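Here the structure is laid out as structure tokens; the discussion comes afterwards.
Since this is a predicted model, take the numbers as computed values, not measurements. Start at 1 and go down the list; that is how both ligands and their atoms are numbered. Worth knowing before you read on, the calculation uses all heavy atoms, side chains too, and leaves out hydrogens, waters and symmetry mates.
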Amino acid sequence: MSDPTQTTTKLSGRCYCGALRIQTSAPAQVVAYCHCSDCRRVTGGPVAAFAAFAPEVINILPTWPDPVEFTPGVKRWFCQTCGSAMAAWFDYLPDQMYVPLGVIDQIDDLAPDLHCHANNAPDWLHLDDGLPRDNGSGRDYLHAQSAPDTGPTEQ
Ligand SMILES: [Zn+2]
Ligand SMILES: [Zn+2]
């Protein structure tokens, strides 16, 4: 793959106020836009974008804040001082954790690979990038990037 996300082995980032830093010890597995309304509200933008990582390679410093769970099966971590979204976890995608691109220092290296919930984007938003557009969560595409050496996972 020529995906530039594979060339940056460690990523760093921080929240708006700097109280929290984030570090990864491995590259992003996949990068995606998400057009769902939850992600819009979480990030405050017309479209969210996030990088997926194996959960064990992400660290939030100096300590992980308590997660919030307003949607069953979805945990999100925010800076408790400034409110930046730092990470998200979805029970139905248990092999990955998602970090909003906006908090990552190396955002220039993290070009998205696909659009999730593409049909939920506002009519005026035109991102004619030729990327795959999934009208669902993109689960199959996202999950396929998480365990390339173990073959398809049943159910
Ligand atoms: Zn902060
Ligand atoms: Zn979303």
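- Side-chain contact check for L11 versus D109: every heavy-atom pair is 4.5 Å or farther apart.
- Metal site remark for the Zn ion (ligand 2): H117 contributes no N, O or S atom at a distance under 2.8 Å.
- Between the side chain of D113 and the backbone N or O of V31, at least one donor-acceptor pair lies under 3.5 Å.
- Note on ring orientation: taking the six-membered ring where Trp is involved, the planes of H35 and H115 are parallel (angle under 30°, cut-offs 30° and 60°).
- H35 lies apart from the Zn ion (ligand 2) in this respect, since none of its N, O or S atoms is found at a distance under 2.8 Å.
- A heavy-atom distance below 4.5 Å is not found between the side chains of D95 and Q29.
- The Zn ion (ligand 2) has no N, O or S atom of C116 under 2.8 Å away, backbone or side chain.
- For the pair SG of C17 and SG of C79, the angle whose vertex sits at the Zn ion (ligand 1) is 110° to 10 degrees.
- Between D129 and Y33, the closest side-chain pair of non-hydrogen atoms falls below 4.5 Å.
- With the Zn ion (ligand 1) as the vertex, atom SG of C15 and atom SG of C82 span an angle of 110° (nearest 10 degrees).
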